[in-house]
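Here is the structure we will look at, set down as structure tokens.
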Number of protein chains: 2
Amino acid sequence: MRSGEATKEKIKRAALELFVQKGVDAGGMRDIATASNITEGAIYRHFKGKDDLIWQLFADNFSGFATTLNDLQNEQNTLAGKIDAMVRGFCRFYDDDETLFRFLLLVQHGQLAKVSEDMQNPIDIVQGVLQGGIEAGEIGGASAQEATAWLFGIVLQTATFHIYGRLSGPMTKRADALSQACLAVLALPADR
Amino acid sequence: MRSGEATKEKIKRAALELFVQKGVDAGGMRDIATASNITEGAIYRHFKGKDDLIWQLFADNFSGFATTLNDLQNEQNTLAGKIDAMVRGFCRFYDDDETLFRFLLLVQHGQLAKVSEDMQNPIDIVQGVLQGGIEAGEIGGASAQEATAWLFGIVLQTATFHIYGRLSGPMTKRADALSQACLAVLALPADR
DNA sequence: TCGCCATAAGTAAACACTCGATTACATTAT
DNA sequence: ATAATGTAATCGAGTGTTTACTTATGGCGA
């Protein structure tokens, strides 16, 4: 056989870049095939169809990032530390693989419905941390869901502004400011 | 003629609801025609094509909302007052016409590139207000672009959580909390 | 070590279908 | 009468997917 897993990765990469560049609907199987130096039919040796390709691309990385986020959070023992670590995780992810980050942002609305309860999910990770903060009495006023929305909004909209050229430079350089903004919104003192 | 402008509105409404429900690409001209009790060909009497229909739907409401936002901001003379008024404007918009709100959120990424410099734009309105605050020395630390991203993130992600069922009830009821969050993130005292 | 072969991997062409758009024609209101 | 609306059928292009076929490779018996 000729390099099974290798071409599968080649297809995934090509699809990723095509979807981000032209949109998921506009990026067709023909384009993906051409970009991967492969024929259309061969793609179907590795994926059941376009939906499956998109889903694998999304689900693996989505839950993978959730795991990363959870590990980062676990290494810290203060609430502010956990938040800071997660924010930094987002920034690093963006800088490491902007295409992948953009893809997840792009297709999340279409795929989020298919996410099962038990699948690791970045939103639930963050919400869990904030829930802990509330139960410990460290966060006043806001509910965990509300607070999660705020933190996600601050970080993701900043990333979105980067994507559309309203902000420039690496996201990592903004991590400090973003962390502070997140703590401020929760009325938490920056403890570091 | 049989009711020119009326059917045009009928088409726009039907398209809006279809796009929000099924996505812009999945919502076809045939479906729009059926939902408007009209034939496909008739749609082309009112719109040059699908792109034009989407663009009219987007541009009119996008710049329309920008104008609303600007008026709201103009009626206030403190920075905190302006921010609060705009946040409230967002919430009211969401509650008044959730479908339209969702549509703008849905298609913005595809349409934003076509927005010309001189077209009224909600982002620039907010950014203008924050720029004023920075020049007056009321906001420290953050740039106008950064701060705009944060405020948009807080409000829009909260709306997104509503859309996906993570938060419920009217957005207007959250206006106070959102305003406070926005002021906190800018390190501004709530003056009202 | 050699040759065979099951099987994984890839090809090229066609499939059935949907899409947005256009056309020639009919209806309606001024 | 005439311009604005609306209809029904059709067009060509493009879609994801399937098919029948070909090629390469790792393992296994002789």
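First the proteins, then the strands, lettered A, B, ... as listed; each starts at 1.
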**Request:** Rounded to the nearest angstrom, tell me the gap between atom CZ in B:Phe47 and atom P in D:dG6.
**Result:** 12 Å
**Request:** Check every atom of C:dA21, D:dT17, D:dA8 against the side chain of B:Thr39 and return the nucleotide holding the closest atom.
**Result:** D:dA8
**Prompt:** Between B:Arg45 (CZ) and C:dT28 (C1'), how many Å, whole number?
**Reply:** 13 Å
**Request:** Check the distance between C:dG10's P and A:Ile32's CD1 and give it to me in whole angstrom.
**Result:** 15 Å
**Item:** Nearest-angstrom distance from the residue atom CG of B:Asn37 to C1' of D:dT5
**Value:** 16 Å
**Request:** For A:Ile43 and for A:Arg30, find the nucleotide of DNA chain C with the closest heavy atom, then tell me which residue's nucleotide is more 5'.
**Result:** A:Ile43
**Prompt:** At under 4.0 Å, does any side-chain N or O of B:His46 touch on OP1 or OP2 of D:dA4?
**Reply:** no
**Fill in**
In whole angstroms, the gap separating C1' of D:dA4 from CD of B:Glu5 amounts to 13 Å
**Message:** Just to be sure I understand the rule, does A:Gly49 reach a base, reach only the sugar-phosphate, or reach nothing, if contact means heavy atoms closer than 4.0 Å?
**Reply:** sugar-phosphate
**Request:** May I ask you to check whether A:Gln180 and A:Asp176 show a side-chain donor-acceptor distance below 3.5 Å?
**Result:** no
**Prompt:** B:Leu16 pairs by side-chain contact (heavy atoms from CB on, under 4.5 Å) with which of B:Leu100, B:Ile32, B:Ile11, B:Ile54?
**Reply:** B:Leu100
**Prompt:** Using a cut-off of less than 4.0 Å, is there contact between a side-chain N or O of B:Thr7 and OP1 or OP2 of D:dT5?
**Reply:** no
**Asked** Would you say the side-chain atoms of A:Thr7 pair up with the backbone N or O of A:Lys10, donor to acceptor, closer than 3.5 Å?
**Response** no
**Nucleotide of D:dT7, D:dG16, C:dG20 approaching B:Ile38 most closely (side-chain heavy atoms)** = D:dT7
**Message:** To check you understand the geometry: which heavy-atom pair defines the closest contact between B:Glu146 and A:Ala177, and what is its length?
**Reply:** OE2-CB, 3.9 Å
**Asked** How many Å lie between CE on A:Met29 and C1' on C:dC15, as a whole number?
**Response** 16 Å
**Item:** Residue pair B:Glu135 / B:Gln131, side-chain donor-acceptor N/O under 3.5 Å
**Value:** yes
**Request:** Starting at atom CD of B:Glu40, determine the distance to atom P of D:dC11, rounded to an integer number of angstrom.
**Result:** 15 Å
**Value in whole Å for how far the P atom of D:dG16 lies from OH of A:Tyr44** = 7 Å
